[in-house]
A.B. asks: 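Below is one structure. I have some questions about it.
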Amino acid sequence: MIESSHEAQTVWSHKARIALFFSAMRHFADDIKSKAYPLEYIKTNDALVETLRVYLRTQGATELMAVEPGDYRVQQEIEQMCQAEKIVCTWLEDTHFYCTKKEFAAWAHQKKELRLEFFYRMMRKKHNVLMEGDEPLGGRWNFDDENRKPYSKKGPGLIPPPLFIEPDEITQKVIQEVQEKFTDHPGELDDFVWPVTRKDALLAIDDFLQNRLIHFGEYQDAMWTQTPFGWHSLISAALNLKLISPQELVDKVVSEGLLQKIDLSTIEGYVRQVIGWREFIRGMYFLDMPHMAQANYFKNTRALPKWYWTGQTKMACMQDTVGQTLRYGYAHHIQRLMVLGNFALLAEVMPQAVADWFLAIYVDAVEWVELPNVAGMALFANGGRFTSKPYIASGAYIKRMSNYCGACRYKSEQRYGDNACPFTNLYWHFLIKNQQDFNKNPRMKLMMANLNKISEDEQKEIVLHAQSILSHIDQI
Ligand SMILES: Cc1cc2nc3c(=O)[nH]c(=O)nc-3n(C[C@H](O)[C@H](O)[C@H](O)COP(=O)(O)OP(=O)(O)OC[C@H]3O[C@@H](n4cnc5c(N)ncnc54)[C@H](O)[C@@H]3O)c2cc1C
Ligand code: SF4
C-alpha cells in the first residue's frame, strides 16, 4: 500500500478527504497485518505511480496484477509505467459493483438513448431486487414523484442525527498530521465523523436503517439551514472506499425497510440511488473517458467564483451549502446538483474548473463518480449524453425546497435590479442566450413558453443585469 502525500496534493483535497483516505488505509493495513498477510506499507511524498515503479524495480518484478482503479488517469499512468519497465500488467475486475464495465458497455451498445430508467429496470430484474416475479414490487418501477417534498414551513422538526464515529487513536494521529502538513488545503477537521473501518461503516448503516430511512424518500430533496444531513444515509464515502459493498447495503435496506413496513416509495427511492444511479454513473465514466473530462457543450470559459472555496458570498443558499461543505466535506445530492452545480452552469463556469472543485471538496469524491455527476448531470457538458435536458432552475425552486431565501439579501422572484436573485437572473439569461438550441428540445418546451411570456424590454434588462453579475461574480 502506498500512502502518497503527493497524490493528496495532485488532486487538491479537503482536509477531511485526506484524513479519511489515510485513516481508512492505515486501519485496513492493520487489519491485513493482524491476519498475517504479507504487506508493505509505504509512506511517501513522491507520486503514487513513481513510488510503485521504484518498488517494482527493487523487487525485480516482471508482472503486476491489480484490481482496476476507479480513476482513468491512475490506470493510464500504471499501464504506461508497466510498458516502460517491460512489466506485464494484468487488471482484475473490481467486484465491489453490481455491474462490470464490460456488462455496461454491452448494455449501452444496444441502446439508442442511454437513460438511467432502462438500465435500472434491467438491474432490478437481473439481481431480483424489489421484484414479484417479472414485475416490480408494488406495480411501479419508480416512485420519484412521491420523493420530492420540501420540509414543512415550520422546519424539518427533529431529525435523528447521524452516528458520529469518535476518532480513535489512529484517526487522531492522521488528523494531527493533516493539520500540520496540509495547512493551506480547504476544509475543517473539527467535526471529522466518517467511518474509517468496515465495523464502523456497518454501525453507520444500522443507525441509518433504524433512525432515518423512514423519511429518506419523502425529504430526499429538501434543504434547510443548520440541517446539513437531513434524512440522508451518509454512506457514500464508506461505499467508495469499499468498506462495505453496494450489494450488502441494498440487501439491508430492502429487508429492514420491508420488516419495518416503511413506505415502498422510500425503499425504492434508496435502492434506485445505489443499484441505479451509482452503477449507471460508473458505467458512463468508463464508457466515455477520456472525452468526458474535456466535454464543454456550452463552451463555457469563466472561472469558478472564489467564494466556492470560502462561502463568503451574500447568497444565503450558497453560504449554507458551501459552509457545510467546508465544515464536513458533505452536502446532499440536491445541494450539489441544484444549488452548487446549477449555479456553476448558469454562471458559465468552465466544466473542468467545476469538476476540480467537486473532486477536491467532498469526502466521497473519486473521479469515476464525481466527474459524470458534474459533467454529465449538473453541467450538461456532454450535451445530454445521458440526460434529456440541463438540470437548471431559478431561485423559485430553491425557495420552494428550502428556507434559504427567507434570510437572503436577494429576492428570489426578482429577475433584475439591485435585489435580483443571481440564480433567477442567470437562469433567465441562460434561457435567452441558448434559446435557439433549447427551442429544439421538447423537454425544454415549458421553460421556453415561460420565457416567451417575458417582454422584450424585460429580457434586455435581464441580459444587462446578468452581464453585470457575471463580471462581478466574486463580489455577489
Ligand atoms: C455534482 C455532483 C457531484 C457528486 N459527486 C459525488 C462524488 O464525488 N462521490 C459520490 O459518491 N457521489 C457524488 N454525487 C452523488 C451524490 O450526491 C452523493 O453520493 C450523495 O450525496 C452522498 O450522500 P449520502 O451517502 O448521504 O447519500 P444518500 O442520499 O443517502 O444516497 C444513498 C447512496 O446512493 C448513492 N447515490 C445517490 N445519488 C448518486 C449519484 N448521482 N451518483 C452516484 N451515487 C449516487 C450514493 O452512494 C449514496 O451514498 C454527486 C452528485 C452531484 C450532483
Ligand atoms: S434569494 Fe436567490 S440567492 Fe438568495 S437564497 Fe434564495 S435562491 Fe439563493
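The basis for the numbers below is simple: all heavy atoms, side chains too, and nothing from hydrogens, waters or symmetry mates. Just so you know, ligand 1 is whichever comes first in the structure, and atom 1 is the first atom listed for that ligand.
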A.B. asks: Considering only heavy atoms of Ser412, which atoms of ligand 2 have at least one such atom less than 4.0 Å away?
C.D. replies: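 By the 4.0 Å cutoff, the relevant atoms are 1 (S).
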A.B. asks: Side chain or backbone of Leu359 under 4.0 Å from ligand 1, or both, or neither, by non-hydrogen atoms?
C.D. replies: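 Contact part for Leu359 vs ligand 1: neither.
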A.B. asks: Please list, in number order, the atoms of ligand 1 under 4.0 Å from a heavy atom of Leu337.
C.D. replies: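 Close to Leu337: 53 (C).
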A.B. asks: With a heavy-atom distance limit of 4.0 Å, tell me whether Tyr330 approaches ligand 1 through its side chain, its backbone, both, or neither.
C.D. replies: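 Side chain only.
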A.B. asks: Below 4.0 Å, non-hydrogen atoms only: which portion of Leu239 touches ligand 1? Side chain, backbone, both or neither.
C.D. replies: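 It is the side chain that touches ligand 1; the backbone stays farther off.
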A.B. asks: So if I count the atoms of ligand 2 from 1 in the order they appear, which ones are less than 4.0 Å from some heavy atom of Met315?
C.D. replies: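 So the atoms of ligand 2 that pass are 3 (S).
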A.B. asks: Heavy atom to atom 49 (O) of ligand 1, shortest distance: which of Ser236, Pro246, Gly230 holds it?
C.D. replies: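 When every heavy atom of Ser236, Pro246, Gly230 is considered, Ser236 comes closest to atom 49 (O) of ligand 1.
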A.B. asks: To which protein heavy atom is atom 29 (O) of ligand 1 closest, and what is the distance rounded to 0.1 Å?
C.D. replies: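 Atom 29 (O) of ligand 1 sits closest to the protein heavy atom His232 ND1, 2.7 Å.
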A.B. asks: Just checking Phe343 against Trp307, ring centres under 6.0 Å apart?
C.D. replies: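 For Phe343 and Trp307, the ring centres are under 6.0 Å apart.
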A.B. asks: Would you mind telling me if ligand 1 is within reach of the side chain of Tyr362, the backbone, both or neither, using heavy atoms under 4.0 Å?
C.D. replies: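 The answer is neither; Tyr362 stays 4.0 Å or more away.
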A.B. asks: Looking at atom 8 (O) of ligand 1, what's its closest protein heavy atom, distance included?
C.D. replies: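 Result: Ala365 CA, 3.1 Å.
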A.B. asks: What is the ring orientation for His185 with Phe182, classed by angle as parallel under 30°, tilted 30 to 60°, or perpendicular over 60°?
C.D. replies: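 His185 vs Phe182 ring planes: perpendicular.
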A.B. asks: Quick check on the 6.0 Å ring-centre criterion: do Tyr308 and Trp357 meet it?
C.D. replies: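 Yes: the rings meet the under 6.0 Å criterion.
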A.B. asks: Please check: side-chain N/O of Asn211 versus main-chain N/O of Asp207, any donor-acceptor pairing under 3.5 Å?
C.D. replies: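 At least one qualifying donor-acceptor pair exists.
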A.B. asks: Return the residue, atom name and 0.1 Å-rounded distance of the protein heavy atom closest to atom 4 (Fe) of ligand 2.
C.D. replies: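 Minimum-distance protein heavy atom for atom 4 (Fe) of ligand 2 reads Cys408 SG, 2.3 Å.
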A.B. asks: Among protein heavy atoms, which sits nearest to atom 7 (C) of ligand 1, and what does the distance come to when rounded to 0.1 Å?
C.D. replies: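 Nearest neighbour among protein heavy atoms for atom 7 (C) of ligand 1, to 0.1 Å: Asp364 OD1, 3.3 Å.
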A.B. asks: Please identify which atoms of ligand 1 are closer than 4.0 Å to at least one heavy atom of Leu234.
C.D. replies: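 Near Leu234, the atoms of ligand 1 are 24 (P), 25 (O), 26 (O).
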A.B. asks: Kindly identify the option in Glu370, Arg336, Arg278 whose heavy atom sits closest to atom 20 (C) of ligand 1.
C.D. replies: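 Nearest option to atom 20 (C) of ligand 1, by heavy atoms: Arg336.
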A.B. asks: Can you tell me if Phe28 has over 12 outside heavy atoms packed within less than 6.0 Å of its CZ?
C.D. replies: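 For Phe28, atom CZ is not crowded (no more than 12 foreign heavy atoms under 6.0 Å).
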A.B. asks: Using a strict cut-off of 4.0 Å, indicate which atoms of ligand 1 neighbour a heavy atom of His332.
C.D. replies: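 By the 4.0 Å cutoff, the relevant atoms are 21 (O).
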A.B. asks: Does any N or O in the side chain of Gln352 come within less than 3.5 Å of the main-chain N or O of Ala293, such that one atom is a donor and the other an acceptor?
C.D. replies: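 Checked: pair present.
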A.B. asks: At less than 4.0 angstrom from any non-hydrogen atom of Asn240, what atoms of ligand 1 do you find?
C.D. replies: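 With Asn240 as reference, the close atoms of ligand 1 come out as 9 (N), 10 (C), 11 (O).
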A.B. asks: Verify the ring-centre separation between Phe104 and Phe119: is it less than 6.0 angstrom?
C.D. replies: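 Yes, the ring centres sit under 6.0 Å apart.
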A.B. asks: Give the residue, atom name and distance (to 0.1 Å) of the protein heavy atom nearest atom 27 (O) of ligand 1.
C.D. replies: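 Closest protein heavy atom to atom 27 (O) of ligand 1: Ser233 OG, 4.0 Å.
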A.B. asks: Taking atom 41 (N) of ligand 1 as the point of reference, which of Leu249, Val366, Asn373 owns the nearest heavy atom?
C.D. replies: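 Among Leu249, Val366, Asn373, the closest heavy atom to atom 41 (N) of ligand 1 comes from Asn373.
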A.B. asks: Could you check atom 25 (O) of ligand 1 against the protein and tell me its nearest heavy-atom contact, residue, atom and distance included?
C.D. replies: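 Scanning the protein heavy atoms, the shortest distance from atom 25 (O) of ligand 1 goes to Ile235 N, 2.8 Å.
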A.B. asks: For a distance under 2.8 Å, tell me if Cys405 has an N/O/S atom near atom 6 (Fe) of ligand 2.
C.D. replies: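 Of the N, O and S atoms in Cys405, at least one lies under 2.8 Å from atom 6 (Fe) of ligand 2, which means yes.
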A.B. asks: Counting only heavy atoms not in Lys15, do more than 12 fall under 6.0 Å of its NZ?
C.D. replies: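 Counting other residues, nucleotides and ligands, NZ of Lys15 exceeds 12 neighbours.
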A.B. asks: Can you pull out the closest protein heavy atom to atom 39 (C) of ligand 1? Residue, atom name and distance to 0.1 Å, please.
C.D. replies: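 In this structure, atom 39 (C) of ligand 1 has Trp277 CB, 4.1 Å as its nearest protein heavy atom.
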A.B. asks: Is it the case that atom NZ in Lys101 sees more than 12 heavy atoms from other parts of the structure closer than 6.0 Å?
C.D. replies: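 Atom NZ in Lys101 is packed in, count exceeds 12.
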A.B. asks: Please determine whether any non-hydrogen atom of Phe208 lies less than 4.0 Å from an atom of ligand 1.
C.D. replies: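 The answer is no, since Phe208 has no heavy atom less than 4.0 Å from ligand 1.
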A.B. asks: Could you please spell out the steps behind the side-chain hydrogen bond (donor to acceptor under 3.5 Å, both in side chains) verdict for Asn342 and Tyr391?
C.D. replies: CA-CA 7 Å; Asn342 181 19; Tyr391 280 93; over 6 Å; no
A.B. asks: Around atom 36 (N) of ligand 1, find the nearest protein heavy atom and jot down its residue, atom name and distance.
C.D. replies: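 Of the protein heavy atoms, Gln273 O, 3.7 Å lies nearest.
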A.B. asks: Check ligand 1 against Ala331 and write out every atom of the ligand that is under 4.0 Å from a heavy-atom position of the residue.
C.D. replies: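 Atoms satisfying the 4.0 Å criterion: 21 (O).
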A.B. asks: For a quick check under 3.5 Å, do His472 and Gln475 share a side-chain donor-acceptor pair by atom type?
C.D. replies: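 There is no such pair between these side chains.
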A.B. asks: Between Phe298 and Phe430, is the ring centre distance below 6.0 Å?
C.D. replies: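 Yes.
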A.B. asks: Which atoms of ligand 2 have any heavy atom of Gly395 under 4.0 Å away?
C.D. replies: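 Taking each heavy atom of Gly395 in turn, ligand 2 has 7 (S) under 4.0 Å.
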A.B. asks: Could you check whether His232 and Phe216 have their ring centres less than 6.0 Å apart?
C.D. replies: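 When the ring centroids of Phe216 and His232 are compared, they turn out to be within the sub-6.0 Å range.
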A.B. asks: Hey, looking at atom 16 (C) of ligand 1, which of Met377, Arg17, Glu367, His333 has the closest heavy atom?
C.D. replies: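 The residue whose heavy atom sits nearest atom 16 (C) of ligand 1 is His333.
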A.B. asks: Between the side chains of Tyr362 and Glu370, is a donor N or O closer than 3.5 angstrom to an acceptor N or O?
C.D. replies: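 Judged by distance alone, the side chains do not pair up.
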A.B. asks: How close does the nearest protein non-hydrogen atom get to atom 12 (N) of ligand 1, and which residue and atom is it?
C.D. replies: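 Nearest neighbour among protein heavy atoms for atom 12 (N) of ligand 1, to 0.1 Å: Val369 CG2, 3.6 Å.
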A.B. asks: Is the ring pair Tyr330/Phe229 parallel, tilted or perpendicular, if the boundaries are 30 and 60 degrees?
C.D. replies: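 Aromatic pair Tyr330/Phe229 classed tilted.
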A.B. asks: List every atom of ligand 1 that sits less than 4.0 Å from any heavy atom of Tyr270, numbering the atoms from 1 in the order shown and giving each element.
C.D. replies: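 Numbered from 1, ligand 1 contributes 30 (O), 32 (C).
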A.B. asks: Could you tell me which atoms of ligand 1, counted from 1 in the order shown, lie closer than 4.0 angstrom to a heavy atom of Val274?
C.D. replies: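 Listed by number with element, the hits are 33 (C), 34 (O).
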A.B. asks: Report yes if the distance between the aromatic ring centroids of Tyr120 and Phe280 is under 6.0 Å, otherwise no.
C.D. replies: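 Between Tyr120 and Phe280, the centre distance exceeds or equals 6.0 Å.
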A.B. asks: Quick one: look up the protein heavy atom nearest atom 2 (Fe) of ligand 2 and list residue, atom name and how far away it is.
C.D. replies: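 Checked against all protein heavy atoms, atom 2 (Fe) of ligand 2 sits closest to Cys421 SG, 2.4 Å.
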A.B. asks: Which residue, Ser233, Pro160, Pro162, forms the side chain to side chain contact (heavy atoms under 4.5 Å, CB included) with Phe208?
C.D. replies: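 When side chain to side chain contact (heavy atoms under 4.5 Å, CB included) is applied between Phe208 and each of Ser233, Pro160, Pro162, only Ser233 qualifies.
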A.B. asks: Please state whether the rings of Tyr151 and Trp224 are parallel, tilted or perpendicular, taking 30° and 60° as the class boundaries.
C.D. replies: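 It falls in the perpendicular class, over 60°.
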A.B. asks: Specify the protein heavy atom at minimum distance from atom 8 (Fe) of ligand 2: its residue, its atom name, and the distance to 0.1 Å.
C.D. replies: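 Checked against all protein heavy atoms, atom 8 (Fe) of ligand 2 sits closest to Cys317 SG, 2.4 Å.
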A.B. asks: If the cut-off is 4.0 Å to any non-hydrogen atom of Phe216, which atoms of ligand 1 fall inside it?
C.D. replies: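 Answer for ligand 1: 28 (P), 29 (O), 30 (O).
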